[in-house]
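Proteins get letters first, then strands, A, B, ... in listed order; numbering begins at 1 in each. Note that the structure is predicted; figures quoted are calculated from it, not measured.
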There are 2 protein chains.
Amino acid sequence: MNDVARTAGVSLKTVSRVVNGETTVDPTLVARVRAAVAALNYRRHLGASMLRRMDRRTGTIGLLIDDVGNPFSAALHRAVEDAARARGVHVLAGSLDGDPDRERELVRAFARRHADGLILAPAGADQGYLAAELPPDIPIVFVERPAAGFAGDAVLAGDASGALRAVRHLIGHGHRRIAYLGDPATHERREGYLTALEALGLHPVMIDGLRGSQAAEAATRSLLGRARPPTALFTGRNLITIGAVRALHGLGRHLDAALVGFDDFPLADLLEPAVTVVAQDPAAMGGAAARALFERIDGYAEEPREISVATTLIPRGSGEMPPTGS
Amino acid sequence: MNDVARTAGVSLKTVSRVVNGETTVDPTLVARVRAAVAALNYRRHLGASMLRRMDRRTGTIGLLIDDVGNPFSAALHRAVEDAARARGVHVLAGSLDGDPDRERELVRAFARRHADGLILAPAGADQGYLAAELPPDIPIVFVERPAAGFAGDAVLAGDASGALRAVRHLIGHGHRRIAYLGDPATHERREGYLTALEALGLHPVMIDGLRGSQAAEAATRSLLGRARPPTALFTGRNLITIGAVRALHGLGRHLDAALVGFDDFPLADLLEPAVTVVAQDPAAMGGAAARALFERIDGYAEEPREISVATTLIPRGSGEMPPTGS
DNA sequence: GTGAAAGCGCTAACAT
DNA sequence: ATGTTAGCGCTTTCAC
């Protein structure tokens, strides 16, 4: 910048003004500065500028989600990126893999990097650590799951009510023995399942802690091998649904057992039978989270908000099959 | 940091030494400093430290891919993240959507942010601008597609040879009328297709410029409506394959026309018929790209390398069906 | 082993 | 409208 000033024959401050697009500069000088900038291939150092600036914005937000490689998270990421791009903000993304330690570590790392804000899909059961870890001037918005022990805006999908709807759908098609397959992060969906069954005095069958598609496939196989197997399955997230589908196909029983999955997934409509799902809208959730975050960054300081993005039950066939067997 | 020094009763420099883990500090002072750091909840400002440091590393790399929300790109992203995490490096990701302007803009943005290196899946036909836009001290690795007009390491999938193999596979199953469906980014795969057909004097049928799954679906429908429709399809990327599958199912002709797709996709094995693909390994590509980039960041300065990640033909059914009709 | 002073590249506040 | 000075938070160099 010094070199530019010298080359253009102006003061350092004038260069700064030109580079920052301030209007109060003589056009002649502006031209001279621009020429020098071009000649020297000068680029301003954002780190240094951010050091002295008032607003101290880095133009970066942190996105902490389950797995950037998972289609659901990836769709959400994309929506966040689009909203960020509209403001010229960039996205630092990180995968948590359901690991609370990783969550905390990444929050700390992004805070140290002075992200302007964070969007977090909580992995751990408690976000109390945020009080110590997160500087008060960097806002956070939770997405997918609510946070515990720390107040902040949250963008949620109405998991419990969506699950309730899914299970009622199966009940409406005559099913009484309905099993639930889930993992730690689908806790709220399990609650919806239980609510629906309890209302009718039905007996819950729950398999929990399924990490990944393969575990779900194995669990489904063993479930269907039981003496009185369930006539319908309710699966708590897309990877689990896919594992279940794989098991049903593998056993040749895909036309026997009904299935409703939480989360839509690509090609669900082309399977045989096509898979009925309760679809979340990851793009809408990402967009809502980004908007909420930018409002906070812009100074909105009211009470934490809970933003609900509706789920949709999409009947495609697998959830409308009647019970078979006894 | 000044406050910490005062609280601990040491000089600023000593705090700096402790924070940076230098060993030549009296343990007593180390303890005092650590206590003060904890008491004041001090965090080092990385931006400021990076300003004066010798190595000038930001601990960030930029990843510029087609679309962070697309499963293929997302899997690649995940592999890059894993490699980066092992070094304590974070990933700034951006989607290009096939837009050369966006490519250039993001390169500039990430360069200004002083990313330590870039991984780019070229969207534009020419990367000559990099000579001007990219500071010489920030290395770049190309992935998925080679760059034109700028030298750099490239991680490629052997597109032409994979396509050749796919088409030969169809020919081996008796097909003579084989159509190609692609988009601008699958150019090399088209070359493989042409090579295979020309070797036998077969007549190529090519539909190009298909942006997205819906365009592919429409194109497939019109293709199959022709007087002498192709008996087999070769699709240039996963979204196009999915569009074609959707069209075949929609027309009820999924058991009539053979299909081999470039790129694997989730659930390809559960469709009816299961879809034969030439699979790239996005995770391997992302890992290789990250490794190559980190080698460059660490000072490796030999000639640009081309790293090839093998493709695999996975026969699943759709590519092994014999020709039907005339 | 520790500290004082200088300076990284830039912008704020205050002249002029 | 332009320039001067001070200082952001840190690491360097060099003296103690």
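Using a cut-off of 4.0 Å between Lys/Arg side-chain N and Asp/Glu carboxylate O, B:Asp97 and B:Arg102 are scored as not salt-bridged. Electrostatic pairing of B:Arg108 and B:Glu105 does not count as a salt bridge here, judged by no charged N lying under 4.0 Å from a carboxylate O. Ion pair A:Asp26/A:Arg32 not flagged as a salt bridge, since none of the NZ, NE, NH1 or NH2 atoms sits closer than 4.0 Å to an Asp/Glu carboxylate oxygen.
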Once Watson-Crick and G-U wobble pairs under 3.5 Å are found, how is DNA chain D written in dot-bracket notation, 5' to 3', with | for any base paired to another strand? ||||||||||||||||

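Whole-Å rounding puts the A:Arg56 CZ to D:dC8 C1' distance at 6 Å. Rounded to an integer number of Å, the gap from B:Arg44 CZ to D:dT12 P is 10 Å. Note: NZ (B:Lys13) to P (D:dC14) measures 14 Å, nearest angstrom. To the nearest angstrom, C1' of D:dC8 lies 12 Å from NE2 of A:His114. B:Met50 places its CE atom 13 Å from the P atom of D:dT12, with the value rounded to the nearest Å. To the nearest angstrom, C1' of C:dC8 lies 15 Å from CG of B:Leu46. We find that CZ of B:Arg53 is positioned 17 Å from P of D:dG9, with the value rounded to whole Å. In this structure, A:Arg6 atom CZ and D:dG3 atom C1' are separated by 16 Å, rounded to whole Å.
Distances shorter than 4.0 Å separate some side-chain N or O of B:Asn20 from OP1 or OP2 on D:dT11. Between A:Ser49 and the phosphate of C:dC10, there is no side-chain N or O to OP1/OP2 separation shorter than 4.0 Å. Using a 4.0 Å cut-off, some side-chain N or O of A:Ser16 falls inside it from OP1 or OP2 of C:dT11. Note on B:Ser11: every side-chain N or O is 4.0 Å or more away from OP1 and OP2 of C:dA4.
Side chain of A:Arg52, nearest nucleotide from D:dT11, D:dC8, D:dT4: D:dC8. Closest to the A:Leu51 side chain, of the nucleotides C:dT11, C:dG9, D:dC10, is C:dG9. Closest to the A:Thr24 side chain, of the nucleotides D:dC10, C:dT2, D:dA1, is D:dA1.
Contact detail for A:Arg237 and A:Asp66: the closest heavy-atom pair is NH1-OD2, 3.8 Å.
Contact annotation for A:Val10: backbone-only contact, meaning every heavy-atom pair under 4.0 Å involves sugar-phosphate atoms and none involves a base.
For A:Arg305, the CZ atom is densely surrounded, since the number of other residues' heavy atoms within 6.0 Å is greater than 12.
Of the residues near DNA chain C, A:Asp55 and A:Gly47, the one whose nearest nucleotide (by heavy atom distance) lies more toward the 5' end is A:Gly47. The nearest heavy atom of DNA chain D to B:Ala48 and to B:Glu22 marks one nucleotide each, and the one closer to the 5' end goes with B:Ala48.
Residues forming a side-chain hydrogen bond (donor to acceptor under 3.5 Å, both in side chains) with A:Arg113 (at least two apart in sequence, or on another chain): B:Thr60, B:His90.
Proximity of a side-chain donor or acceptor of B:Arg43 to a complementary backbone N or O of A:Glu133 within less than 3.5 Å is detected.
Side-chain to base pairing of B:Arg17 with C:dG3: one donor and one acceptor N or O lie within less than 3.5 Å of each other.
In this structure, the separation between CD on B:Glu103 and CG on B:Asp126 is 9.0 Å, given to the nearest 0.5 Å.
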